[in-house]
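Proteins get letters first, then strands, A, B, ... in listed order; numbering begins at 1 in each.
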Amino acid sequence: MLALYNTLSNRVEPFAPLAEGRVRMYTCGPTVYDYAHIGNYRTFVFADILRRHLRRSGYELRHAMNLTDVDDKTIRNAKAAGMSLTDYTDKYIAAFWEDMLILHMERPEIIARATDHIPDMVNTIQQLEERGFTYRREGSVYFRIEKFPGYGKLSKIDLSGMRPGARVDQDEYEKADVRDFVLWKAPKPDEPYWESELGPGRPGWHIECSVMATKYLGETFDIHAGGTDLVFPHHENEIAQSEALTGKPFARYWVHCEHLLVDGQKMSKSLGNYYTLRDLLGRGYSPAAIRYLLASVPHGKQLNFTLEGLQQAANAIERLENFRFRLAHSSFPEGANPEIEAKTAAFPEALRKALDDDLNTAQALGALFELVRDANTAIDKGQLCQGNVEGILRCLEDWNGIFDVLPPAEGISDLKLDATFQLSAEEIERKIQERQDARRGRNFALADQIRDALVEAGVLIEDTRDGVRWRRK
RNA sequence: GGCGCGGUACCCAAGUGGUAAGGGAGAGGUCUGCAAAACCUUUAUGCGGCGGUUCGAAUCCGCCCCGCGCCUCCA
């Protein structure tokens, strides 16, 4: 049974959805003011693995994710770029989905764009007003924290020391109490705004998640996920708004992903340790290696991102690819090795157990590599049989259904190549045959020359006991 | 200061009372005309430090040291 660390209780709890067999999950998506960075993608990979594991466990999943396309930064950057807010955010939404595709992220069932839900938000704010949870100042509407007794239950933060009236945010200095937060922001000159029953303005950040989560998932839903920095104030405020209105628990399990650090420090542009996905691809690292590294450290622990770690991830994937290649392209004796059969049969359970334990991806990796080593050892001893191959391949696919870092089993190598340099499989086979003839004639100079030429063309030659095999690098 | 995460080999990392998974790197080996690749083996009497509990502790308790995050821009 799945167990998740719940920020509400600060404990690992057994997970059971509200409705049997169905999970409703909300994750905080990006604010589309720029390209997302790899820290963002760590959190999204975590959510992706969670959703895959839920589905693999047999749950029917309804997963909603928001796109924040109106806030101070999107407005500021759009203005600086001389674009309309919509054109500007469209651009970064498109970039976001490109990145998500590159990183093999599954698309949530529901994508909710904030600016498509303005009337819903206005409506919710009006209801909060009617029930006395808000007040107005200078055209803005604020949520009054002291009206919600449960405030702080998620972050366990004690705000009693904060003084009412302190100036905190230039935009919000009219608040009655610094702990209050804005629901509806009055427009400043040159800012986009919406006409509404609340007057002209735009929504605050927190209200969008409350409104869209409730709209698509119900007043109470199962899982709310996001980065650890959102615990306070974002998620705390979501709870306040939502539960003030409904009187019911908002999300039942709050799961948060710890931050990614770069070289032991928080990423920042001024430190020069700030990476987008594009930066890393530009340096020649593969999307699979990036996804593997982001997935390999369990989400409860900070991940120290280094380029060395990325290289280690790439090497680990290569080991798996080699293993699969070896299975697919060697010949084995008939029959089946019962020991390997037993290990193969036990694997899905080992994988499930690791992931059930608060998504322990490191353990899931360990389980796979143990199987790989056992199988390789059996192959070396000539003890792995044809009857074992399919089962092992199925384990790899099973594992890859979560991690998704291995290319499709066949025909992939053709995809990762520059068409201009690409030799066809037939040409390669012919060259290899020429080299084999040369070797048989002990003309090693010619054989090596052919081999070097192939390497130059990105084709790797391996002389094995079972003959020559090749693959593209 | 409050809340939270963590300190396990050269690097990453699992392990919540029974004698240290796994990956990367290094070293040795198998194979080979030579390479390369691949594969195998190997690498922590030790788990930040000091005490304590226990037959037994990386795991439990106490004290201490160190790193990081959040505390109203933040994944």
Novice: Could A:Arg352 and A:Asp356 be called an ion pair, given the rule that one side-chain N must be under 4.0 Å from one carboxylate O?
Specialist: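 A salt bridge links A:Arg352 with A:Asp356.
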Novice: Can you tell me how far P of B:C73 sits from NZ of A:Lys266, to the nearest Å?
Specialist: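 Atom-to-atom, A:Lys266 to B:C73, this comes out as 11 Å.
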Novice: Check every strand shown and say whether A:Arg439 touches a base, only sugar-phosphate, or nothing at a heavy-atom separation below 4.0 Å.
Specialist: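 The residue A:Arg439 makes base contact.
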Novice: State which of B:G67, B:C12, B:C34 makes the closest approach to the side chain of A:Arg435.
Specialist: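 Side chain of A:Arg435 sits closest to B:C34.
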Novice: Over how many whole Å does the gap from A:Ile379 atom CD1 to B:C40 atom C1' extend?
Specialist: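 Nearest whole value for this atom pair: 12 Å.
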Novice: Describe the nucleic acid contact of A:Phe305 in one word from base, sugar-phosphate, nothing, applying a heavy-atom distance below 4.0 Å.
Specialist: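 Since no nucleic acid heavy atom lies under 4.0 Å of A:Phe305, the category is nothing.
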Novice: Across all strands, who's sitting opposite B:A14 as a Watson-Crick or G-U wobble pair, both distances under 3.5 Å?
Specialist: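 Looking at the geometry, B:A14 pairs with no nucleotide.
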Novice: Taking CG from A:Leu307 and P from B:A25, how many angstroms apart are they, rounded to a whole number?
Specialist: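 Rounding to the nearest Å, CG of A:Leu307 and P of B:A25 are 16 Å apart.
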Novice: What does A:His37 touch in the nucleic acid at a heavy-atom separation under 4.0 angstrom: a base, only the sugar-phosphate, or nothing?
Specialist: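 The answer is base, as A:His37 lies within the cut-off (heavy atoms under 4.0 Å) of a base atom.
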Novice: May I ask you to say what A:Asp71 touches in the nucleic acid, namely base, sugar-phosphate or nothing, with a heavy-atom cut-off under 4.0 Å?
Specialist: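 Result for A:Asp71 = nothing.
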Novice: Regarding A:Asp463, tell me which of base, sugar-phosphate or nothing describes its non-hydrogen contacts under 4.0 Å with the strands shown.
Specialist: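 The residue A:Asp463 makes base contact.
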Novice: If you check every side-chain atom of A:Ala362, which of B:A14, B:G24, B:C5 has the closest atom?
Specialist: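 Ranking B:A14, B:G24, B:C5 by closest atom to the A:Ala362 side chain puts B:A14 first.
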Novice: Looking at every strand, decide which applies to A:Gly366 at a 4.0 Å heavy-atom threshold: base, sugar-phosphate, or nothing.
Specialist: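 Base contact - A:Gly366 has a heavy atom under 4.0 Å of at least one base atom.
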Novice: A quick test of your reading: do over 12 heavy atoms of other residues, nucleotides or ligands sit less than 6.0 Å from CZ of A:Phe148?
Specialist: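 Above 12, so yes.
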Novice: Within the 4.0 Å heavy-atom criterion, would you say A:Asn10 contacts the bases, only the backbone, or no part of the nucleic acid?
Specialist: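 Sugar-phosphate, backbone atoms only, no base.
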Novice: Pick base, sugar-phosphate or nothing for A:Gly309, based on heavy-atom distances below 4.0 Å to the nucleic acid.
Specialist: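 If one applies the 4.0 Å heavy-atom cut-off, A:Gly309 turns out to touch nothing in the nucleic acid.
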Novice: Give a yes/no on whether any side-chain N or O of A:Arg373 is located under 4.0 angstrom from OP1 or OP2 of B:G22.
Specialist: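 Answer is yes, contact under 4.0 Å.
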Novice: In whole angstrom, give me the gap between the C1' atoms of B:U41 and B:C47.
Specialist: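 B:U41 and B:C47 have their C1' atoms separated by 24 Å.
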Novice: Can you tell me the base-pairing partner of B:G28? Count Watson-Crick or G-U wobble geometry only, both distances below 3.5 Å, and say none if there is no partner.
Specialist: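 Base partner found: B:C40.
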Novice: Salt-bridged, A:Arg179 to A:Glu236, with N to O below 4.0 Å?
Specialist: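 Here A:Arg179 does not pair with A:Glu236 in a salt bridge, since their nearest N and O are not under 4.0 Å apart.
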Novice: Whole Å only: how far is the CE atom of A:Met105 from the C1' atom of B:A75?
Specialist: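 In whole Å, B:A75 C1' and A:Met105 CE are 11 Å from each other.
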Novice: Heavy atoms under 4.0 Å, any strand shown: does A:Gln302 hit a base, just sugar-phosphate, or nothing?
Specialist: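 If one applies the 4.0 Å heavy-atom cut-off, A:Gln302 turns out to touch a base.
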Novice: So what does A:Ala316 touch, heavy atoms closer than 4.0 Å: a base, only the sugar-phosphate, or nothing?
Specialist: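 Touches sugar-phosphate only.
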Novice: A:Arg442 has a side chain; which of B:A38, B:G33, B:U72 sits nearest to it?
Specialist: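 The nucleotide sitting nearest to the side chain is B:G33.
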Novice: What nucleic acid atoms does A:Ile461 come within less than 4.0 Å of, heavy atoms only: base, sugar-phosphate, or nothing?
Specialist: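 Since a base atom lies under 4.0 Å of A:Ile461, the category is base.
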Novice: Could you give the CZ-to-P distance, from A:Phe323 to B:C40, as a whole number of Å?
Specialist: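 Taking CZ of A:Phe323 and P of B:C40, I get 9 Å after rounding.
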Novice: How far does the C1' atom of B:A44 sit from the matching atom of B:G26, given to the nearest Å?
Specialist: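 Straight-line distance between the two C1' atoms is 15 Å.
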Novice: Looking at A:Arg202 and A:Glu208, is any side-chain nitrogen of the basic one under 4.0 Å from a carboxylate oxygen of the acidic one?
Specialist: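 No, this pair does not count.
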Novice: Can you tell me the pairing partner of B:C63 across any strand shown, Watson-Crick or G-U wobble, with both distances under 3.5 angstrom?
Specialist: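 Result: B:G49.
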Novice: Which whole-number value in Å describes the distance from A:Phe181 CZ to B:C73 C1'?
Specialist: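 A:Phe181 atom CZ is separated from B:C73 atom C1' by 17 Å.
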Novice: Mind checking the C1' distance from B:G6 to B:U59? Whole angstroms is fine.
Specialist: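 Going atom to atom, C1' in each nucleotide, I get 15 Å.
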Novice: Rounding to an integer number of angstrom, what distance separates B:A75 and B:G69 when you compare their C1' atoms?
Specialist: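 Those two atoms are separated by 12 Å.
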Novice: How far, in whole Å, is B:C40 from B:G52 if one measures between their C1' atoms?
Specialist: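 Each nucleotide's C1' atom is 45 Å from the other's.
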Novice: On the nucleotide B:A75, are OP1 or OP2 found under 4.0 Å from the side-chain N or O atoms that A:Asn40 carries?
Specialist: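 Yes, such a contact exists.
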Novice: Looking for any heavy atom pair under 4.0 Å, which part of the strands does A:Arg326 touch: base, sugar-phosphate only, or nothing?
Specialist: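 Answer is sugar-phosphate: A:Arg326 comes under 4.0 Å of backbone atoms only.
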Novice: A quick test of your reading: do over 12 heavy atoms of other residues, nucleotides or ligands sit less than 6.0 Å from NZ of A:Lys153?
Specialist: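 Yes, enclosed.
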Novice: Between A:Asp374 and A:Val297, which is nearer to the 5' end of RNA chain B once each is assigned its nearest nucleotide?
Specialist: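 Its nearest nucleotide being more 5', the pick is A:Val297.
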Novice: If you measure from CG on A:Asn6 to CZ on A:Phe15, what distance do you get to the nearest 0.5 Å?
Specialist: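 The CZ atom of A:Phe15 is 10.5 Å from CG of A:Asn6, to the nearest 0.5 Å.
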Novice: Between B:A9 and B:C3, how far is it from one P atom to the other, in whole Å?
Specialist: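 These two P atoms come out 30 Å apart once rounded.
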Novice: Taking the C1' atom in each of B:G18 and B:A37, what is the distance between them to the nearest angstrom?
Specialist: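 Straight-line distance between the two C1' atoms is 42 Å.
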Novice: Within this structure, what is the CG-to-P distance between A:Asp448 and B:A36, rounded to whole angstrom?
Specialist: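 Between P of B:A36 and CG of A:Asp448: 12 Å.
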Novice: Of A:Asn376 and A:Phe369, whose closest RNA chain B nucleotide lies nearer the 5' terminus?
Specialist: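 Result of the comparison: A:Phe369.
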Novice: Sticking with atom P, work out how far B:C61 lies from B:G22, rounded to a whole angstrom.
Specialist: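 Each nucleotide's P atom is 29 Å from the other's.
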Novice: Under 4.0 Å between any heavy atoms, over every strand shown, what does A:Pro298 touch: base, sugar-phosphate, or nothing? Just pick one.
Specialist: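 Sugar-phosphate, backbone atoms only, no base.
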Novice: Any salt bridge between A:Glu462 and A:Arg326, counting N to O under 4.0 Å?
Specialist: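 No.
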Novice: Can A:Phe444 be called stacked on B:G33 when the rule is centres closer than 5.5 Å and an angle between planes below 30°?
Specialist: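 A:Phe444 ring centre within cut-off of B:G33 base, planes near parallel; stacks.
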Novice: Among A:Tyr135, A:Tyr151, A:Phe181, which one satisfies ring-ring contact (aromatic ring centres under 6.0 Å, His included) with A:Phe143?
Specialist: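 Among A:Tyr135, A:Tyr151, A:Phe181, the one meeting ring-ring contact (aromatic ring centres under 6.0 Å, His included) with A:Phe143 is A:Phe181.
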Novice: Quickly work out the A:Tyr292 OH to B:G23 P distance and round it to whole Å.
Specialist: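 Value for this atom pair: 9 Å.
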